[in-house]
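As structure tokens, the structure follows; a few thoughts come after it.
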Amino acid sequence: MAIIVQLDQMLLERRISLTELSDRVGVTIANLSILKTGKARAIRFSTLDALCRELDCDPGRLLASKPGLQPDDGEQES
């Protein structure tokens with residue numbers, strides 16, 4: 001099972017650009033891009049909290065699990 005970050009879906013639903021979110025949460029665009037593309041290996045709770053605050057969501061909406069995938073499979077949810 002792999003944990004995936006659904007940041008791209010949340011940005012689309014909220015109609016917020018990555019640049020705008022970066023400004024709001026104080027995380028670089030490069031780091032948000034790593035989260036968005038599924039290449040992140042970890043996320044700080046303070047970052048998760050800031051993202052959830054700005055996207056008005058719970059961590060469960062931002063993070064999901066995908067059965068059958070191993071974290072090193074390199075596959076991402078589209």
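Quick note: numbers below take in every heavy atom, side chains included, and nothing from hydrogens, waters or symmetry partners.
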Exercise. What is the distance from atom CG of D23 to atom CD1 of I16, rounded to the nearest 0.5 Å?
Worked result: 11.5 Å
Problem set entry | Shortest non-hydrogen contact between V5 and L35, atoms and distance | CB-O, 3.7 Å
Problem set entry | Partner residues of R61 under the side chain to side chain donor-acceptor pair (under 3.5 Å) criterion, sequence neighbours left out | E13
Exercise. If you measure from CG on L7 to CD1 on I43, what distance do you get to the nearest 0.5 Å?
Worked result: 8.5 Å
For this session: Check whether any side-chain heavy atom of R14 lies under 4.5 Å from a side-chain heavy atom of L21, and answer yes or no.
Result: no
Problem set entry | side chain to side chain donor-acceptor pair (under 3.5 Å): pairs with one or both residues in residues 46-59, sequence neighbours excluded | none
Taking distance alone, no hydrogens or angles, what donor-acceptor pairs closer than 3.5 Å link side-chain atoms of residues 27-34 to residues at least two apart or in another chain?
from: T28; atom 1: OG1; to: N31; atom 2: N; distance (Å): 3.1
from: T28; atom 1: OG1; to: N31; atom 2: ND2; distance (Å): 3.3

Exercise. Any idea which heavy atoms bring P59 and C52 closest together, and the distance?
Worked result: N-SG, 3.5 Å
For this session: Measure the spacing between CG of L62 and CD of Q9 and express it to the nearest 0.5 Å.
Result: 10.0 Å
Exercise. Hey, what do you get for CE (M10) to NZ (K36), rounding to the nearest 0.5 Å?
Worked result: 13.5 Å
Exercise. Below 4.5 Å, heavy atoms only, C-beta onward: do L63 and I4 meet side chain to side chain?
Worked result: no
